[in-house]
Structure formats: structure tokens, C-alpha cells
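Okay, structure first, notes after.
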Amino acid sequence: MAEITCIEDLRRLARKRVPRMFYDYVDGGSWTEYTYRANESDLQRIEFRQRVACDITHRSTATTMVGQHVSMPVAIAPTGMTGMQHADGEILAARAAKRFGIPFTLSTMSICSIEAVAEATQRHPFWFQLYVMRDRRFVESLIDRAEAANCSALVVTMDLQVFGQRHKDTINGLSMPPKPTFRNIVNMLSKPRWCLSMLGTRHRHFGNIVGHARGVDNIQSLVDWTAEQFDPSLSWQDLEWIRKRWDGQLIVKGIQHPEDARIAAQCGADAVVVSNHGGRQLDGASSSISTLPEIVDAVGGRTEIHFDSGIRSGQDVLKAVALGARGTYIGRAMLYGLGALGEAGVTKALNIIQGELDLTMAFCGKTGMQSINRDILRIKP
């Protein structure tokens, strides 16, 4: 196997090892994928201003996110069906994050359940991402289960009231949960490492839902339940209701407009995540990095600002921090590592990102996250 030096190397290896329907689920966006591509390309347009003759002997990438000490300003983003990239994927990613000293965020639509992740990490605090379903009793139970599992933050995703049109998933026949076609089954059989790992796990369905939602005890009932549960009537009143039920840190994800950021702060959010869902919802939306500065200017003094969508390197992390983000989230970068090498691949991705972050910070003449600001950047017109 060739030496892995960057996230792109992990992506290429994951593409070889993960079945096409699941790899494409990760490596794609909605409609034309304009926004998916812009998330990366707009980050690449930002240049650094190198400084010299600065004492950069003692450097640290450590900081805090919503009061939690982190080894670098990065959290693992909530990603649905992580356990289909590699068997027990959520557990492996959570363990890697625990060792590295950064937060792991478990998705509502995870394969491994809240309880399974908690048990596998010896109840080490992690974050839980919440979708507000039509069945509010189920939502209440998710919040209670997250609290019982020692989750320290609740990440409420606000931008999935309806599903974006994802052409690759349609072509591959990916459904919720996935129903493999003959072509997909043949493709899976060509991935023996993946198949063997899946044979060895009991986690193959949406663990937070099956056996917990009313009437959902098999695949067909899960299909029917999921199809009708995402709620187009979601409102800020729902966030206020969640804030009253949840005593821990509350993070609101999916913010692209300054006014939405202001409202989230008024509702009691401890942090807002500037995110366009990785370009998987509204195609044609602005890239996250282009909207970050105006949201920082609007509410940065009132609530913590986090950044998501497009990060593929430690340099991207530093750019977001320089533009005002307190922390960032990696989804695809982590999933590429997971699909390529399992838990070791997640650790490899984190090491790559931290190494790039540290070196770039040094070249800019900085020694810590607290001194990073927009002065280190030059944005091309």
C-alpha cells in the first residue's frame, strides 16, 4: 500500500474498499453538486500570509469548544450510516476521537446506537446530533437516552426538514435504509474486506430507531417510519422546547443566514454551526466559508461560532478559525479514513489534519489558536 500523506490518499483508498452505493452516499452532493464543490474550492481561494523571524518554538493546537478542552479545534461531525462505511463505524470513530482528545458527534441516523457507543467508550462524554422528528415522544426519548449515555452536548440539525435531491443515491438505488439492487450486491461482493467486517458485527440497522420508535421492529416498518418522520413544520419554538428539556450544551447546526444565527442565539444556543450540510441539501447555496464572516460579525459576541462543510486539511481548519470559528467539524475526511482503514484510518486522518494545522500555523508566525485572526489570510477577489 502506498504511503498515505493527505486526506485525498485516504479518499482514493476508501473508494476502492467501500461498496459504491455507500461510498457515493458520502462522496456526493445534491443536484448538480455546485455547492458541494464550492465548499472546497472557495476554501482553496483563500491564501495565507507567511511570516518569518518569529519565535515559533512552543506551539499548541489546543483550545476549547463549548467549554470542552480539545487537542485541536476539530470535532467529528454527525454523519448518517457511518456504520455502513465500515462495520461498527460509529464505535471506531468515537474511540479514535476519545484517544485524540476531540469530540465525536453521533448522528440520530447512526447504525450503532447511543447505548452501544457509550458502552464501547466506557461512557466517555460524546455529543449527540438530534433530528426533530414528527413523533415528538420519540424525540423526547432520544434526548433522555443521550443524557443517560453521558452525552455532553446536543447538536440540533435544523436544515433537514425535507431531503435534497441526491442523484448518485437515486442512481444507486440507495434508500432509507438501503435496499441493495442486484448490481449493488455484485459490487459489494467485490469488496471482500468490507463484507468480512460486516459479517462480524451485529450492528447493521439504525440502532437509535429500531426497537425504540413505536411500531419499528423490522426493516419494512423502519422504511415506512423513516419516510414520514422528517418534519417540514420544524420551527424555532421546537428549539426553545428542546432547550428547556436539555441541560447540557446546545449546538444548532445548519446555519447559513445571519438572522437565523441571531434567532438561534436568542433561543439559548451555546454555539451555532455554519453549515450547508456538506452541499447535500440546497444546491446553489453559498459555500459555508463564504457565509462564515457575516455570521461571525452578526452573533460572534453572543454565542460560539463553529464551522462545517468543505474541510479536507488542517489548512482549511486554520482558515475557518482565522475567519472567526471557534471550532470546526470534519465529516467526509473522517469517513474516508474509516472506509480506507477502519479505526486506524480515522486516527490517520486526525493526525494528518493536526500536522497540517500545526505547520501552517508556524509558517504564519503563530504559536496558538488564541492568536489566530484574519490578518494571516489573503482572500483572492
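On a predicted model such as this, the values are computed, not experimentally measured, just so you know.
- Annotation: side chain of W241 is in contact with side chain of R136 (closest heavy-atom distance under 4.5 Å).
- Checked against L130 for a side-chain contact (heavy atoms from CB on, under 4.5 Å), the options L250, T157, I143 give a single hit: I143.
- By the rule that hydrophobic residues join a cluster once side-chain heavy atoms approach within less than 4.5 Å of another member, V252 and V296 end up as members of one cluster.
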message: Run Y336 and D27 through side-chain hydrogen bond (donor to acceptor under 3.5 Å, both in side chains) and show every step you take.
response: CA-CA 9 Å; Y336 296 148; D27 197 45; 2.5 Å; yes

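- Hydrophobic clustering (ILVMFWY, side-chain heavy atoms < 4.5 Å, transitive): I289 and I376 are in one cluster.
- Placement of V273 and L234 in two distinct hydrophobic clusters is found when ILVMFWY residues are connected by side-chain heavy-atom separations under 4.5 Å, directly or transitively.
- Within the 4.5 Å cutoff, side-chain heavy atoms of L323 are placed close to those of R374.
- Side-chain contact between V317 and P73: present, with at least one pair of heavy atoms (C-beta onward) separated by less than 4.5 Å.
- Here the rule is salt bridge (Lys or Arg N to Asp or Glu O under 4.0 Å) with E40, and of R11, R45, R312 only R312 fits it.
- Taking the six-membered ring where the residue is Trp, Y131 and F230 present perpendicular rings, their angle passing 60° and hence far from 30°.
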message: S110 vs N208, test: side-chain hydrogen bond (donor to acceptor under 3.5 Å, both in side chains). Steps then yes/no.
response: CA-CA 7 Å; S110 62; N208 291 324; 2.9 Å; yes

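- With salt bridges taken as basic N to acidic carboxylate O contacts below 4.0 Å, none links R137 and E140.
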- request: Applying side-chain contact (heavy atoms from CB on, under 4.5 Å), run through W194 and R17 and close with a yes or a no.
  value: CA-CA 7 Å; W194 183 90; R17 293 184 170 179; over 6 Å; no

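- The shortest side-chain heavy-atom distance between L350 and M72 falls under the 4.5 Å cut-off.
- Between I91 and H203, some side-chain heavy-atom pair lies under the 4.5 Å cut-off.
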task: Using the side-chain hydrogen bond (donor to acceptor under 3.5 Å, both in side chains) rule, take E3 and T5 through it: C-alpha gap first, then chi angles, then the decisive distance, then the call.
output: CA-CA 6 Å; E3 182 71 20; T5 61; over 6 Å; no

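- Of the candidates T79, V18, I330, T79 is the only one forming a side-chain contact (heavy atoms from CB on, under 4.5 Å) with L335.
- Side chains of F22 and L174 form a contact here, defined as non-hydrogen atoms less than 4.5 Å apart.
- Two residues are said to be in side-chain contact when any heavy atoms from C-beta on lie closer than 4.5 Å; Q315 and F48 meet this criterion.
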- prompt: Passes side-chain hydrogen bond (donor to acceptor under 3.5 Å, both in side chains), T64 versus R326? Steps please.
  reply: CA-CA 8 Å; T64 61; R326 184 58 178 260; 2.6 Å; yes

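- Proximity of the aromatic rings of F138 and W225 is defined here by a centroid distance below 6.0 angstrom, and this criterion is met.
- Between Y25 and R280 the shortest side-chain heavy-atom distance falls below 4.5 Å.
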